[in-house]
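Have a look at the structure below before the remarks.
In what follows, chains are A, B, ... by sequence order, proteins preceding strands, each numbered from 1.
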2 protein chains.
Amino acid sequence: MQAQEIAVNNLARRPWLTRTVSTRETSDPLTDAFKEVGRAVRFERNSEIQADGEPADYFYQVVSGAVRTYKVLDDGRRQISAFHLPGDVIELEASRNHRFSAETIAPSVIRVAKRSAIVALAERRPELANEIWRRTANDLQSAQEHMLLLGRKNAEERVASFLLEMADRSSTEGGVELPMSRQDIADYLGLTIETVSRSLTLLEGTSAIDRSGNRRIRLRNRSALQRLNG
Amino acid sequence: MQAQEIAVNNLARRPWLTRTVSTRETSDPLTDAFKEVGRAVRFERNSEIQADGEPADYFYQVVSGAVRTYKVLDDGRRQISAFHLPGDVIELEASRNHRFSAETIAPSVIRVAKRSAIVALAERRPELANEIWRRTANDLQSAQEHMLLLGRKNAEERVASFLLEMADRSSTEGGVELPMSRQDIADYLGLTIETVSRSLTLLEGTSAIDRSGNRRIRLRNRSALQRLNG
DNA sequence: CGGCCCGTTGAGTTGTGTCAAATGTTGTGG
DNA sequence: CCACAACATTTGACACAACTCAACGGGCCG
């Protein structure tokens, strides 16, 4: 039973591995559509998300795990535009230039559906079309919020905003279990890993947060973080 | 005829005042919908865009002029998320927190339509629903590109990218006529006006651009700018 | 002509990046 | 279960790109 115990421990420390769509959301038209015309694919950690086969546009829905979407400059500078958790939908284009712009952060199950299939369904179901648009508009709102962070917030404010965002999105109370590395956080916040680390140390120094393990963070003083959030 | 001459000169130097939707695009489902259920409103320079009357969500289409959308922090730091030129559609929510997040940059004519009216039309017209979504997805793509700029590009690269973007979006060949102030550019690029100014001087020094008047810029060496664009 | 606004230039400061080393964590094979 | 390797994170010292504050210049309008 030793092996069993270890497995349980690992899961306890990695809640995002088991949290799935069904446990978090009631069904919605897009999730339903994915179940109809999509298929579930399992991905390793750090694998590029793609549908094998001919180049075409796809929709992806995170079932379990976590995903980063990003853009890179020629010299390798990377900007992560969003993290995607279970339930989130990613729309990827079969782009000519940058072939991959989505990767798993943790072992993940992703439902994959051809864009054309979803679009065909949406033509016949206004509430599906509406749901797709609603989600895209939400993503746009988040992007606008993130541009404010990237363009106008300092390092400490960025990290505080990030922690609040992740806490809001995760179901666990009090603490956040971060599925991504410091490098991912840095590339999301437009900083370096060193600056992220220093900012965390700073926040810990003012008792705004507690750290138990690199990726488990407890928000001890939310209002202090909110103040930094702007 | 002196007054007439001055007016003509002014127009010649401010092409965005006369460039309208009809001269740039063939009709599309959303523009058609605006003509059906929207009304045109004239705004002064630097006015907050809003539909008067009860709080509700609206769509706006720029007919002539130019608009900035933005977010601000409590202490006044501002991030412009996009500039909108004739033909572009802005979706604004009757937000509880920040009441105004769109302002005209130049005297503008804006078509205003209630969100519910457009949505109702879209329920009956799949190609309209599709067009709305297509535009939102395009905005999201632009936002992702802009996050890369804000998070990972240096000042000179940001300004170069900005000039290329504006040149691509304006119909005039060779040169760009910028409708916005240096402060607007700075708040779009996540810089200060001084840094924008210095970057322009730098680009001029390397013969990448020419300046004739503060807001008229000629791209003399596009490939040099492209290289900075990444 | 004079005042005002906007943009540019200059000098000095500072927050974040860079480079390097130390420490902690995770995974693997014996 | 331990020992070691490989990797991730933190900490430190220093450099530099962009910011701040200030002065100057030019165009526009009354």
Side-chain angles (χ1 to χ4, degrees), chain A residues 1-3 5-7 9-14 17 44-46 73 75-79 105-107 149-160 177-187 189-205 209 211-217 228, chain B residues 2-3 6-7 9-10 13-14 45-46 75-79 105-106 149-160 178-205 209 211-217 228:
Chain A
M1 284 291 112
Q2 191 60 37
E5 248 182 83
I6 290 170
N9 279 339
N10 281 342
L11 285 178
R13 283 155 64 198
R14 294 181 181 77
L17 286 180
E44 299 295 314
R45 196 165 79 96
N46 289 329
L73 293 172
D75 62 1
R77 281 173 286 175
R78 180 180 73 158
Q79 178 64 43
I105 286 166
L149 178 150
L150 291 171
R152 290 303 184 211
K153 290 184 183 175
N154 66 28
E156 198 182 357
E157 292 168 335
R158 293 183 198 202
V159 172
E177 181 78 34
L178 302 171
M180 71 289 285
S181 69
R182 290 289 184 277
Q183 186 61 62
D184 285 335
I185 298 174
D187 285 350
L189 300 179
L191 300 171
T192 60
I193 49 174
E194 293 93 333
T195 301
V196 171
S197 183
R198 279 186 255 268
S199 301
L200 285 170
T201 306
L202 233 131
L203 289 173
E204 195 176 26
I209 62 170
R211 283 191 278 180
S212 38
N214 277 331
R215 296 185 174 191
R216 169 165 287 291
I217 289 172
L228 286 168
Chain B
Q2 192 61 36
I6 289 170
N9 280 339
N10 282 343
R13 283 154 62 198
R14 294 182 181 77
R45 194 165 80 96
N46 290 329
D75 62 1
R77 281 174 287 175
R78 181 179 71 158
Q79 179 63 43
I105 286 166
L149 178 149
L150 291 171
R152 291 304 184 209
K153 291 185 183 175
N154 66 28
E156 198 182 359
E157 292 167 335
R158 293 183 198 202
V159 172
L178 303 172
M180 71 290 286
S181 69
R182 288 290 185 275
Q183 186 61 63
D184 284 336
I185 298 174
D187 286 348
Y188 180 57
L189 300 180
L191 301 171
T192 59
I193 49 174
E194 292 95 331
T195 301
V196 171
S197 184
R198 279 186 254 268
S199 300
L200 285 170
T201 306
L202 233 131
L203 289 173
E204 195 175 26
I209 62 170
R211 282 191 280 181
S212 39
N214 277 333
R215 297 185 176 191
R216 169 164 288 290
I217 289 172
L228 286 168

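Counting to the nearest Å, the C1' atom of D:dA8 and the CG atom of A:Asp184 are 12 Å from each other. A:Leu189 places its CG atom 12 Å from the P atom of C:dT16, with the value rounded to the nearest Å. When the P atom of D:dA17 is taken as reference, atom CZ of A:Arg77 falls 13 Å away, rounded to whole Å. Distance, B:Glu194 CD to C:dG10 P: 14 Å, rounded to whole Å. Between the C1' atom of C:dG24 and the CZ atom of A:Arg216 lies a distance of 18 Å, rounded to the nearest Å. Atom CZ of B:Arg182 is separated from atom P of D:dG27 by 14 Å (rounded to the nearest Å). Regarding B:Arg152, its CZ atom lies at a distance of 10 Å from the C1' atom of C:dG17, rounded to whole Å. Distance, B:Asp187 CG to C:dC6 P: 14 Å, rounded to whole Å.
Of all heavy-atom pairs spanning B:Ala155 and B:Thr195, the tightest one is CB-CG2, 3.5 Å. Of all heavy-atom pairs between A:Leu189 and A:Arg158, the closest is O-NH1, 2.8 Å.
Here C:dT16 is the nucleotide among C:dG7, D:dA18, C:dT16 with the atom lying nearest to any side-chain atom of A:Ala155. Of the candidates D:dT9, C:dG17, D:dT10, C:dG17 carries the atom nearest the A:Thr195 side chain, counting heavy atoms from C-beta on.
A close approach under 4.0 Å does not occur between any side-chain nitrogen or oxygen of B:Thr192 and OP1 or OP2 of D:dT20. Proximity of B:Ser197 to the phosphate of C:dT8: a side-chain N or O atom is located under 4.0 Å from OP1 or OP2.
Judged by atom type and distance alone, A:Gln183 does not reach the base of D:dC7 through any side-chain donor-acceptor pair under 3.5 Å. Residue-to-nucleotide contacts include no donor-acceptor pair under 3.5 Å from the side chain of A:Arg198 to the base of C:dG15.
Taking for each of B:Lys153 and A:Val196 the nucleotide of DNA chain D with the nearest heavy atom, the 5'-most of the two is the partner of A:Val196. Looking at which nucleotide of DNA chain D each of A:Asn214 and B:Asn214 is closest to, the 5′-most match is held by A:Asn214.
Here B:Leu191 contributes atom CG and B:Gln183 contributes atom CD; the two are 11.0 Å apart, rounded to the nearest 0.5 Å. The CZ atom of A:Arg152 sits 9.0 Å away from atom CG of B:Leu150, with the distance rounded to the nearest 0.5 Å.
Residue B:Arg158 is classed as having no contact, given no heavy-atom separation below 4.0 Å to the nucleic acid.
When the shell of 6.0 Å around CZ of B:Arg45 is examined, it contains 12 or fewer heavy atoms from other residues, nucleotides or ligands.
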